[in-house]
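Scroll down for the structure; my scribbles are underneath it.
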Amino acid sequence: MPRTLFRLLLFATVLPVAAAAAQVNWSPPPLGLMPAPAAVRASSGRVPITAGTTFALTGVVDDRLRTGVTRLIVRLQSRTGLMLSRTLTTPAGSATVVINCKGPGFTTPALGEDESYTLDAGAQVVLNANTVAGALRGLETLRQLLLGDAGGFFIPGISIEDRPRFPWRGLLIDVGRHFEPVEVIKRELDAMAAVKLNVLHWHLSDDQGFRVESRKFPKLQQLASDGDYYTQDQLRDVIEYARQRAIRVVPEFDMPGHVTSWVVAYPELASAPGPYELARKFGVFDAAFDPTRKETYKFIDAFIGEMAPIFPDAYWHIGGDENNGKQWQANPKIQAFIKEKGIKDAHALQTYFNQQLVGILHKHGKRMMGWDEILQLGLPKEAVIQSWRGQKSLVDAAKQGYDGVLSAGYYIDLMNTAASHYAVDPLPPTADLTSAEATHVLGGEATMWGEWVDPETIDSRIWPRTAAIAERFWSTGQDPDVDDFYRRLAVVSVELEELGLTHLRNADVLLRRLTGGADVAPLRTLADLVEPVKGYQRGGQQPWMTTLGPLTHLVDAVSTDSPGARATTALANNLLGDAPRFSLARNELEARFTQWLEVRAAITRLADQSPALREVTPLADDLAAMGEIGLDALACLSRRIAPDAAWRDAKLAALDRAARPKAALEFPFVTSMRELVIGAVEQGQLATMSPAEWRARVRSLAAPPRRGRE
Ligand code: ACM
């Protein structure tokens, strides 16, 4: 079996491989299927894709499917450079690609849609689906199957049966902190469709901005958006764009906390007198709706009544997170209300508020969804819980009969690696849930909170990592081989760029801007070796930043999954794993370390012309220091000279300095450098233990003194 297909099959449910497949003796270029289908069977044939390739639709044909097929043809055309016909062929028997859709499914996308499909490439490519949504998912797989070799472009012989593991596979985009124009949202929808996500959770209001046009309450957009909001026509346009891709749009209007923007416009909604100003910084603010006044509910009722027809989805997200209760505590009228009604505390008051909201939402045909703070005694069972503070609330909710969606572990704004997000499962085998309770776990959502992204950088913060999360939501739940996972992620990343995503190219735009037009190569070398600080450390590193600040620093241009760091770590592992010879990867490491010294000199020169780079020079110094340490360690290892403890302590101290974040960036491979140093010092121990024991010893002695992911 071809090695790449074998790897693909490792994490798919393997169907019996047909006899013909056992005789496969060609080796196709690597497939980049992501998310991995539920079941894949390889076969020996191939369906050529040529200028004569034709497409046919049979069964149900609607506008979503027609435009979906046209999109596929355009994409195949741009990839292949072939002039392909967009005219659909009849009869189907003569077409290269036949899409047979048995029914329309939900014409407005809805939870519970059948998204399954089968795809067979033999004499023809035949895609079968029960619904248009299923057919659209299959078309994305077909797009990913295109391969090329000396014989031309082709779809490899393959048989796929596929269906999603979870019905709710979402991406939250927060446009409250930084506004994202319609064209940005549309390209995110294209990317979501490409990786089979099916819910756009649109976080439309927050302390920093109110982002939709209300005709009933126009001061919302007039006073609380800085002019950055969606008109109602734009909202409808985006929702239709999503519908065409079988993606639901769930709006979130966060309340009773996170409402500074509302009360800038209508201070009477707040629990403390105004006036209020839009928040420019990030964090939790005090403004909270007054849950004791009838007028508050009249306002919300009228607002939701205006918005509900625009958002056709059955679910409506009311937020409900991070209400700090300070305004409620300080307001004597609210405290008197609590006493009079026998309400226990602020949590119970928020539940009272939510109970009123449930009634309002019912009136407008909507079902409530909220962040896990809303899971309190008395919450109506129809509410859907979105777990963000930990997986426990998802389990608690399911046990109590609430549907839930997991976001803890999928906070992509925390700048963690794709692999770390991938490791989180909404329903791990260890989950303490009966199979009936487990049905309440609907899936998950990646969350792109907007504090540190703008239209230029948002793509690189969402993609390609969210493709990994999408696989977790769609595929079997088995863990793939990490190297192959990153290989496929790189394939998908380039495909996403073809779809119009800017995550790769905008990094270069930022580097060019930083160097003032000079050669970016040295800066790119450094950029490839660092990662943004994880968690919410950036706010601490750049305390002056507000929503109005520039997102044009080096940290905005670098990936969360440093390719250079991964490569350096792999090389150091190879070298030390090859004890006592230490010959594997030595030359490559030497070249790398030498280059790091050159990078320092080049970046220092660049910073003289481009002062924006001054914050980067300490990192270039650290990199050069690590290069010198690496060269020293290599020399000791290759000459079999074990340096003394003073040498070791000096090197480890320098590595500690390099490990400290600078310019909101960090080197993720410092531990590997520590291992090289310790490895050099510990060479003598190889006489007394096996290479494997020695490697374990080096690892444990090199473990960094403080906790941290490296
Ligand atoms: C949240 O991150 N406050 C839901």
Side-chain angles (χ1 to χ4, degrees), residues 168 170-178 180 199-211 250-262 279 281-289 315-328 346-347 350-351 353-354 357 368-376 379 383-397 402-416 420-421 424 426 441-453 458 461-462 465-466 469 534-540 547 560:
W168 191 303
L171 168 65
L172 174 149
I173 300 181
D174 164 19
V175 294
R177 275 57 177 245
H178 279 96
E180 302 293 344
V199 181
L200 168 65
H201 173 164
W202 210 356
H203 183 86
L204 288 162
S205 66
D206 217 302
D207 297 300
Q208 295 81 358
F210 193 92
R211 303 303 182 191
V250 174
E252 178 182 351
F253 293 96
D254 204 345
M255 57 184 70
H258 284 281
V259 291
T260 305
S261 61
W262 296 76
K281 305 280 268 189
F282 312 123
V284 174
F285 297 85
D286 295 345
F289 282 167
Y315 291 78
W316 187 278
H317 205 299
I318 57 106
D321 57 320
E322 296 183 313
N323 170 27
N324 68 15
K326 285 187 189 167
Q327 286 198 342
W328 291 358
H347 294 306
Q350 188 160 335
T351 300
F353 175 76
N354 289 338
L357 287 192
M368 178 189 284
M369 181 169 188
W371 298 104
D372 58 42
E373 284 95 330
I374 72 168
L375 184 62
Q376 296 284 339
L379 180 74
V384 179
I385 305 300
Q386 186 162 13
S387 293
W388 74 279
R389 293 178 300 173
Q391 212 146 353
K392 182 174 180 300
S393 57
L394 188 73
V395 172
D396 290 348
Y402 294 95
D403 285 347
V405 168
L406 184 67
S407 279
Y410 306 125
Y411 264 46
I412 51 178
D413 62 318
L414 297 182
M415 309 309 274
N416 292 316
S420 71
H421 289 302
V424 179
V441 176
L442 301 178
E445 284 187 5
T447 53
M448 184 68 267
W449 295 108
E451 282 88 344
W452 299 100
V453 292
I458 188 169
R461 275 49 198 125
I462 301 179
R465 280 183 302 161
T466 298
I469 297 172
K534 313 295 172 192
Y536 293 119
Q537 291 180 69
R538 182 168 178 184
T547 54
T560 53

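Just the heavy atoms: all of them, side chains too, but no hydrogens, waters or symmetry mates, feed the values below. Remember, it's 1-based here, ligands and their atoms both numbered in the order they're listed.
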**Report entry** Between Trp316 and Glu252, a side-chain donor and acceptor under 3.5 Å
**Finding:** no
Query raised in the report: Regarding Arg465 and Thr560, is there a side-chain donor-to-acceptor distance under 3.5 Å anywhere?
Result: yes
Requested in this report: Before accepting this row, confirm whether a basic side-chain N of the pair Asp413/Arg461 lies closer than 4.0 Å to the acidic partner's carboxylate O.
Outcome: no
Go through the structure and list residues passing side-chain hydrogen bond (donor to acceptor under 3.5 Å, both in side chains) with [X], not counting sequence neighbours.
X	answer
Glu451	none
Thr260	Asp207
His317	Gln386

Pairs under 3.5 angstrom, nitrogen or oxygen on both sides, ligand 1 versus protein: list them out, please.
residue, atom, partner, partner atom, Å
ligand 1, 2 (O), Tyr411, OH, 2.5
ligand 1, 3 (N), Asp321, OD2, 2.6
ligand 1, 3 (N), Glu322, OE1, 3.1

